[in-house]
Amino acid sequence: MPQIVVLPHPTLCPDGAVIEAKSGVSLCDALLNSHVDIEHACEKSCACTTCHVIVREGFNGLNEATETEEDLLDKAWGLEANSRLSCQVILDTEDLVIEIPKYTINQVSENH
């Protein structure tokens with residue numbers, strides 16, 4: 001079971017969080033299951049960038065990004081070399097430290 005450290009985010013996780021997740025689930029699902037309400041406007045279908053995260057530690061242990069994900073990431077706010085869409089990251093055994101960017105391209109945040 002990988003451990004995910006979520007760095008503080010002003011609204012989604014003000015104090016940060018440390019969660020345990022099951023291998024084989026998406027990072028987005030692991031966050032949502034642990035009450036970190038990351039946006040996912042396309043319902044986790046790799047069609048937007050609202051679930052964008054920056055992987056601060058553990059990036060090299062992740063599954064490869066698809067071309068579709070890489071194309072979408074080009075539109076993400078605050079893109080960095082270690083950015084991923086959390087709906088496309090399938091957790092294995094690698095522990096992660098992630099940062100959720102302060103903004104998304106959504107004009108209005110949706111409650112899911």
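Only heavy atoms go into these numbers, but all of them, side chains included; no hydrogens, no water, no symmetry mates. Being a predicted model, the structure only gives us computed values, none of them experimental.
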Rounded to the nearest 0.5 Å, what separates atom [atom1] in [X] from atom [atom2] in [Y]?
| X | Y | atom1 | atom2 | answer |
| --- | --- | --- | --- | --- |
| Glu70 | Glu64 | CD | CD | 8.0 Å |
| Ser83 | Trp77 | OG | CH2 | 10.5 Å |
| Thr104 | His52 | OG1 | NE2 | 11.0 Å |
| Arg84 | Leu73 | CZ | CG | 8.0 Å |
| Thr93 | Gln3 | OG1 | CD | 13.0 Å |
| Leu31 | Ile100 | CG | CD1 | 5.5 Å |

Please check if [X] and [Y] belong to a single hydrophobic cluster, counting links between Ile, Leu, Val, Met, Phe, Trp and Tyr side chain heavy atoms closer than 4.5 Å.
| X | Y | answer |
| --- | --- | --- |
| Leu85 | Val55 | no |
| Val25 | Ile98 | yes |
| Leu96 | Val5 | no |

Exactly one of Val18, Ile19, Val53 clears side chain to side chain contact (heavy atoms under 4.5 Å, CB included) with Ile4, and that residue is Ile19
Are the side chains of [X] and [Y] in touch, meaning some heavy atoms are under 4.5 Å apart?
| X | Y | value |
| --- | --- | --- |
| Leu72 | Cys46 | yes |
| Lys44 | Cys28 | yes |
| Asn63 | Val89 | yes |
| Ser23 | Pro2 | yes |

Taking it one step at a time, do Val36 and Leu32 satisfy side-chain contact (heavy atoms from CB on, under 4.5 Å)? CA-CA 5 Å; Val36 178; Leu32 293 170; over 6 Å; no
Smallest separation among heavy atoms of [X] and [Y], with atom names:
| X | Y | answer |
| --- | --- | --- |
| Ile54 | Gly78 | CD1-O, 3.9 Å |
| Cys51 | Cys87 | SG-N, 3.4 Å |
| Pro10 | Lys102 | CG-CG, 4.2 Å |

Between His40 and Glu43, is there a donor-acceptor pair closer than 3.5 Å when you use the side chain of the first and the backbone of the second? no
If you apply the rule side-chain contact (heavy atoms from CB on, under 4.5 Å), what do you find for Arg56 with Leu7, and how did you get there? CA-CA 9 Å; Arg56 296 293 181 204; Leu7 298 176; 4.0 Å; yes
